[in-house]
Amino acid sequence: MKNIYKVLLLALIVAAVLSPLASSSPDGLERVAEDLGFLEKGEGAPVIKSPVPDYVFPGIENEAAATAAAGVAGTLATFGAMYLLAKSVKRKNAGEIKGK
Amino acid sequence: MHIPDGFLDAKTWISTAALSAGALGYSIKKSREELDERQVPRLGIMAAFIFAAQMVNFPIAGGTSGHLLGAALATVLLGPWNACLIITTVLVVQCLGFQDGGITALGGNIFNMAVAGVLTAFLVFKILSAVLKGAAGRSVSIFLAAWASVFAASALATAELAFSGTVPFSVAFPAMAGWHALIGIGEGVITVVVVNFISRLGFADSKADAGAGVN
């Protein structure tokens with residue numbers, strides 16, 4: 001439909017195709033934590049359990065496929081969450097702004 | 001630079017959570033003044049794109065990687081108030097769904113990336129784009145806004161780690177600043193490319209960033 005949805009499609013392609021190719025090296029903060037010896041402070045059990053820990057979709061053997069599935073699920077979940085939040089933020093003000 | 005559980009002490013995560021809650025409330029209030037029906041899907045799509053892009057770690061140097069933050073991307077295209085809500089939404093989904101960033105560090109992560117990252121991107125872009133004219137000037141402004149947003153967020157993260165007694169600031173800052181100065185280059189390049197690409201797909205054809213006083 002609209003062009004902007006091509007960006008959503010692009011996001012899904014990035015999540016499905018590029019995310020399994022991502023570098024698995026530590027990021028800047030992890031690297032510093034490792035080098036300066038405070039990484040273990042963050043290695044206790046997480047305070048809450050996530051359904052898809054570390055972007056590996058449970059129940060999928062192939063690691064690339066599990067990452068791609070996690071990426072697609074997360075991209076859609078993020079779209080949905082943001083859409084609903086934006087919708088609720090917008091709606092409350094619809095009366096004042098809409099002059100039509 | 002998503003801080004996990006265990007890096008921040010209670011006084012630090014409680015105070016950053018309080019600051020973030022205040023900033024979010026203000027962002028929602030400001031977004032409400034300018035958000036119209038047409039913008040709603042754009043916010044969703046931008047958040048989805050940033051979530052996806054954040055999964056793609058790129059190698060920088062010495063066995064270290066970085067990934068897009070997206071604060072400047074969202075700020076340039078949709079204004080700072082919407083950008084704050086977008087980056088916050090991404091961080092909440094990552095934390096709750098994917099164990100990326102601890103729940104106790106969520107307020108800190110939101111403060112560093114969605115509040116300070118966005119604010120830095122906004123200020124740098126607003127100032128530079130007023131001085132640097134033309135398409136090249138706009139790209140340079142976007143690049144530097146993106147670089148600065150990453151650098152500012154990493155400096156704040158370092159301050160929170162130090163405030164928590166996890167690592168002394170003077171020890172951690174040179175390391176954090178060095179890596180994030182490099183990651184910021186990746187942030188700048190990706191942000192310029194993506195802004196230019198998706199602007200053509202209708203992301204910048206509206207009064208989208210009018211509220212930001214940019215463009």
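The figures that follow rest on heavy atoms only: side chains count, while hydrogens, waters and symmetry mates do not. First the proteins, then the strands, lettered A, B, ... as listed; each starts at 1.
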> Most heavy-atom pairs under 4.5 angstrom with chain A, which of B:L182, B:I86, B:T166?
Replying inline: B:T166
> Quick one: what part of B:L161 sits under 4.5 Å from any heavy atom of chain A, side chain, backbone, both or neither?
Replying inline: side chain
> For the side chain of A:T67 and the backbone of A:S19, is there at least one donor-acceptor N/O pair under 3.5 Å apart?
Replying inline: no
> Checking heavy atoms, do the side chain of B:F98, its backbone, both or neither come under 4.5 Å from chain A?
Replying inline: both
>> Using side chain to side chain contact (heavy atoms under 4.5 Å, CB included), reason through B:K11 and B:F163 one step at a time and then give a plain yes or no.
In response: CA-CA 9 Å; B:K11 72 173 186 309; B:F163 196 54; 3.8 Å; yes
> If you tally heavy-atom pairs under 4.5 Å against chain B, which of A:L29, A:L12, A:V56 wins?
Replying inline: A:L29
> Between A:L8 and chain B, which part of the residue has a heavy atom less than 4.5 Å away: side chain, backbone, both or neither?
Replying inline: both
> Out of B:V93, B:T89, B:V40, which one racks up the most heavy-atom pairs below 4.5 Å with chain A?
Replying inline: B:V40
> Do you know which of B:T64, B:L96, B:V56, B:L8 has the most heavy-atom pairs with chain A at a distance under 4.5 angstrom?
Replying inline: B:T64
> Any Lys/Arg nitrogen of A:D27 or A:R31 sitting under 4.0 Å from an Asp/Glu carboxylate oxygen of the other?
Replying inline: no
> Of the listed residues (B:G63, B:P59, B:P4), which shares the most heavy-atom pairs with chain A below a 4.5 Å separation?
Replying inline: B:G63
> With chain B, which of A:L21, A:L39, A:L85, A:V72 has the greatest number of heavy-atom pairs at distances under 4.5 Å?
Replying inline: A:L39
> Are the side chain of B:N82 and the backbone N or O of B:L85 linked by a donor-acceptor pair below 3.5 Å?
Replying inline: no
> Which answer fits B:T104, side chain, backbone, both or neither, if we ask what part of it has an atom under 4.5 Å from a heavy atom of chain A?
Replying inline: side chain
>> Show, in sequence, the C-alpha distance, side-chain angles and deciding distance for B:Q39 and A:K90, and conclude whether the side chain to side chain contact (heavy atoms under 4.5 Å, CB included) test is met.
In response: CA-CA 9 Å; B:Q39 289 294 83; A:K90 185 226 59 147; over 6 Å; no
>> Suppose we call two aromatic rings close when their centres sit under 6.0 Å apart. Are B:W147 and B:F151 close by that rule?
In response: yes
> What distance do B:F197 atom CZ and B:L201 atom CG have between them, rounded to the nearest 0.5 Å?
Replying inline: 5.0 Å
> Is there a side-chain contact between B:M55 and B:Q94 (heavy atoms, below 4.5 Å)?
Replying inline: no
>> Can you tell me which portion of A:A70 sits under 4.5 Å from chain B's heavy atoms? Options are side chain, backbone, both or neither.
In response: both
>> Quick check on the interface: out of A:A11, A:S23, A:A22, who has the most heavy-atom pairs with chain B under 4.5 Å?
In response: A:S23
> Checking B:I103 against chain A: side chain, backbone, both or neither under 4.5 Å from a heavy atom?
Replying inline: side chain
> In terms of heavy-atom pairs under 4.5 Å with chain B, which of A:A73, A:G42, A:A81 leads?
Replying inline: A:G42
> Looking just at side-chain N and O atoms, do B:E160 and B:N112 make a donor-acceptor pair shorter than 3.5 Å?
Replying inline: yes
> Relative to chain A, which segment of B:I183 carries a heavy atom at a distance below 4.5 Å: side chain, backbone, both, or neither?
Replying inline: side chain
> Is the gap between the ring centers of B:F203 and B:F49 under 6.0 Å?
Replying inline: no
>> Quick check against the 3.5 Å criterion: does B:E187 have a side-chain atom that pairs as donor or acceptor with the backbone of B:G70?
In response: yes
> Of all of B:G66, B:A175, B:P41, which one pairs up most often with chain A through heavy atoms under 4.5 Å apart?
Replying inline: B:P41
> What residue, out of B:G44, B:G6, B:A53, B:S65, has the most heavy-atom pairs lying under 4.5 Å from chain A?
Replying inline: B:S65
>> Heavy-atom cut-off 4.5 Å, strictly under: side chain, backbone, both or neither for A:L18 against chain B?
In response: both
